[in-house]
Amino acid sequence: MLTQTPERHARPRRYLMCRPTHYTVDYAINPWMDPTQPTDTALALHQWEELYRTYRRLGHTVELIDPVPGLPDMVYAANGATVLDGRALVATFRYPERAAESEAYQAWFRAHGYREVHRAGHVNEGEGDHLLVGGRVLAGTGFRTSRAAHAEAGELFGVPVVSLTLVDPRFYHLDTALTVLADDHVMYYPEAFDADSRSVLRALHPDAILADRADAEVFGLNAVSDGLRVLLPTAAKNLAGRLAEHGYQPVPVDVSELLKGGGGAKCCTLELRPA
Ligand code: ARG
């Protein structure tokens with residue numbers, strides 16, 4: 001228990017999202033995906049609309065990219081790019097099934113006035129593996145984004161990048177194992193990282209909230225915080241309680257249908273950080 005609950009402050013955000021019009025699971029590139037199980041596109045759309053409306057109700061701006069037929073994973077907009085200081089580093093995907101998304105995201109940034117739009121020269125799954133916190137980027141590797149991509153991101157954005165290695169295939173992107181809650185505060189699931197990465201995280205964020213296996217298994221770490229309000233899956237009840245103890249306001253969202261593709265609220269949300 002904390003002796004004093006810290007005061008938290010919301011900052012209005014700008015997000016990019018993609019409607020799951022063509023959502024389905026017809027290939028498997030992570031352990032959550034099972035193409036033999038049916039998906040309900042109408043339900044995915046309904047849950048996504050609810051997430052979209054929630055951001056707007058909380059005072060955030062949401063921009064939209066048109067979904068492309070045949071790209072069912074495009075709804076996971078966090079993977080499209082990393083955007084910092086008006087610069088967009090567009091993803092280069094690990095698997096061919098998602099490769100064509102890069103073109104669509106690149107075109108969107110070009111059309112929307114970003115002063116620099118670069119296509120990653122190495123496998124780089126955008127904000128799924130690059131999270132800005134404490135003036136640096138925490139960058140995941142192990143399953144998707146390559147280590148060489150971390151260095152490329154550091155050079156482009158001119159900020160320090162700290163590489164973290166993921167070891168549990170269910171938590172294959174950094175944003176499935178770690179949430180940025182405030183400018184210098186995070187929560188994470190330690191078991192998703194190798195021993196070295198755990199020590200790095202302990203040193204950088206001694207005050208982090210540590211999630212347990214039950215929290216992680218319902219994708220509780222795939223959460224989105226504006227500094228005060230934290231959108232997280234309805235099923236992450238224990239984690240919601242912990243967040244409240246730390247001064248945050250948990251906002252439960254049901255994204256169960258999108259979890260069949262291996263994504264939650266954060267995966268559907270790319271933060272656009274203007275110049
Ligand atoms: N089916 C997608 C994939 O495996 C899910 C992506 C989830 N996105 C995320 N930011 N974790 O690539």
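Both ligands and their constituent atoms are indexed starting at 1 by order of listing. The basis for the numbers below is simple: all heavy atoms, side chains too, and nothing from hydrogens, waters or symmetry mates.
Note that CZ of Phe219 is 5.0 Å distant from CH2 of Trp32, once rounded to the nearest 0.5 Å.
Using a 4.5 Å heavy-atom cutoff, the side chains of Glu50 and Asp254 are not in contact.
Looking at residues two or more places apart in sequence or on another chain, you find a side chain to side chain donor-acceptor pair (under 3.5 Å) between Arg98 and Asn79, Glu101. For Ser163, the side chain to side chain donor-acceptor pair (under 3.5 Å) partners two or more places apart in sequence, or in a different chain, are His150. Among residues two or more places apart in sequence or in another chain, the side chain to side chain donor-acceptor pair (under 3.5 Å) test is passed with Asp226 by His60, Arg229.
Every protein residue with a heavy atom nearer than 4.0 Å to ligand 1 is included here: Ile29, Asn30, Met33, Asp73, Tyr76, Ala78, Asn79, Arg98, Gly128, Arg144, Tyr172, His173, Asp175, Thr176, Gly261, Gly262, Cys267.
The six-membered or imidazole ring of Phe143 lies away from that of Tyr172, with a centre-to-centre distance of 6.0 Å or more.
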